[in-house]
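Following: one structure in structure tokens, then a few remarks.
In what follows, every chain begins at residue 1, and chains take the letters A, B, ... in the order their sequences are listed.
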There are 2 protein chains.
Amino acid sequence: MSPARTDHDARRHDVSEAVWRVLAEHGFAGLTLRAVAAAMGASTGLVTHYFAGKHELIAHALDILEARTRQRPRLEAPAATGLPALRIHLLDILPLTPDGVAINRIWVGSWDVALSDPALFAAQATRYERIRAVLRAAIEDAQRLGELPARADAWRLATTALSFTHGLVVQALFAPDRLPPEHQIELVDDFLAGLAADADQST
Amino acid sequence: MSPARTDHDARRHDVSEAVWRVLAEHGFAGLTLRAVAAAMGASTGLVTHYFAGKHELIAHALDILEARTRQRPRLEAPAATGLPALRIHLLDILPLTPDGVAINRIWVGSWDVALSDPALFAAQATRYERIRAVLRAAIEDAQRLGELPARADAWRLATTALSFTHGLVVQALFAPDRLPPEHQIELVDDFLAGLAADADQST
DNA sequence: CTACATACCGAACGTTTGTTATGAATGTGC
DNA sequence: GCACATTCATAACAAACGTTCGGTATGTAG
């Protein structure tokens, strides 16, 4: 019942990493079973042994996107709350390291496929919903702590913050010289300062 | 020397529109010569007659992206200046109409290909640079008119504004129910109000 | 009318794609 | 050691791909 000469999960993870490498270099347009196999010096038979088909390969890649972003080596260890926590969350998204660049390259690239496939579309929509929820929680914390104007709608603020961050990701990917890590961080800090200062504004 | 029974430019434009339709529905992943030919009820021979190959097809599609955004039916006719002009520019980008949705769907989808092909990458980078320049001009106008804090760096503000807008585009595409046109406009207005109010903030 | 250039179809080409089947290793359970 | 399950390479497969090309129709130029 259990002839396991190799660790199934470990091998599967190897394939997953090969997929990652292919996507980081050639995008979803260059994702083929043979490319994945070549990236790990194996045959297509191995790939299909761990993933039923290309569609499962893509779905799995999108799965790890969210997880990888969350499991990123945190920039600052202490479990922050409120505004600092929101800051960390936003910075964790940005392409500040080579690894972060790869993640975001894949992330941005995934939008083309996700917008055309109903199943992937729904999955991605849910994922972004979840990210917004995390940001909203941090924002509500910040409001309770008086770091952000309590009057503002937390969900709207979360949407705005995620919009700004995702857009910044795209700009940074296309103009890495113009937007090096330090510069990105400055823009985030300016953005957050703007949110905090926006206390005496009405419609 | 000029046997022209059909208008060459007009036919080329027809092909261009067929490409557009394919991209809007199936993204760059679904862009094939046969799909384009089928979309206009013609043969692949016709397509290759007006465009040398698939690569030229993609390049042309990216070309019209910027142009289409600029030639959009303006939401408000009067040639505004300063902050209102900036507002219009941002609103022109957003997917507020079915046509705007199509444009942005293609736009967002183009990032996967553009990030993997050096030539397309450079072209897109230049395009975004150009958009930022337009926004910066409007921002500098607004600063001169006292609508925005004069102390802030105009280029940074332009980057922030474009980041926010592009990110909002992505969110709106993936959550159209959550972010209907009116809601998007509200978020933009909130964002601009935040910029205007950010006058008493220091590092 | 003759020559010629353009417009376009239709089909073929070689390649690459995802998928599937065969079979040889190599282990475990009894 | 005799099944049997897992692992994986190899190879085949049809489908779809980008590209190329011969052929026909239809115009203009002289």
N/O (side chain, A:H8) to phosphate O (OP1/OP2, D:dT7) under 4.0 Å: yes

A:H60: partners by ring-ring contact (aromatic ring centres under 6.0 Å, His included), with sequence neighbours left out: A:F51

Value in whole Å for how far the P atom of D:dT10 lies from CG of A:L46: 12 Å

N or O in side chain of A:H49 less than 4.0 angstrom from D:dT6 OP1/OP2: no

Close side-chain approach of B:L168 to B:I93, heavy-atom, < 4.5 Å: no

Nearest-Å distance for atom pair CG/C1', residues A:D7 and C:dG27: 14 Å

A:T48 (side chain) donor-acceptor with A:G45 (main chain) under 3.5 angstrom: yes

Ionic contact status for A:R70 with A:D92, cut-off 4.0 Å: no

Any residue of residues 110-120 of chain B with a heavy atom less than 4.0 Å from an atom of DNA chain C: none

For atom CE of B:M40 and atom C1' of C:dC8, their distance in whole Å: 11 Å

Geometric class of the B:F174/A:W111 ring pair [parallel <30°, tilted 30-60°, perpendicular >60°]: tilted

Backbone N/O of A:L115 and side chain of B:R105: donor-acceptor pair under 3.5 Å: yes

From D:dA9, D:dT7, C:dG10, nucleotide with atom closest to A:A42 side chain: D:dA9

A:W107 side chain reached by A:V169 side chain, heavy atoms, under 4.5 Å: no

Contacts of B:A24 that satisfy side-chain contact (heavy atoms from CB on, under 4.5 Å) - sequence neighbours left out: B:A102, B:I106

Base-contact (B) and sugar-phosphate-only (S) positions in nucleotides 12-21 of chain C, heavy-atom cut-off under 4.0 Å, - elsewhere: -----BBBB-

side-chain hydrogen bond (donor to acceptor under 3.5 Å, both in side chains) partners for B:H55, two or more places apart: B:D117

Backbone of A:D112 reached by a side-chain donor or acceptor of B:D112 within 3.5 Å: no

Electrostatic pair A:R12:A:D9 at N-O distance under 4.0 angstrom: no

Stems involving DNA chain D, each a run of at least 3 consecutive Watson-Crick or G-U pairs under 3.5 Å: C:1-17 with D:14-30, C:19-30 with D:1-12

Below 4.0 Å: OP1/OP2 of D:dT6 and any side-chain N or O of A:R11: no

A:D9 CG - D:dT7 P separation (whole Å): 10 Å

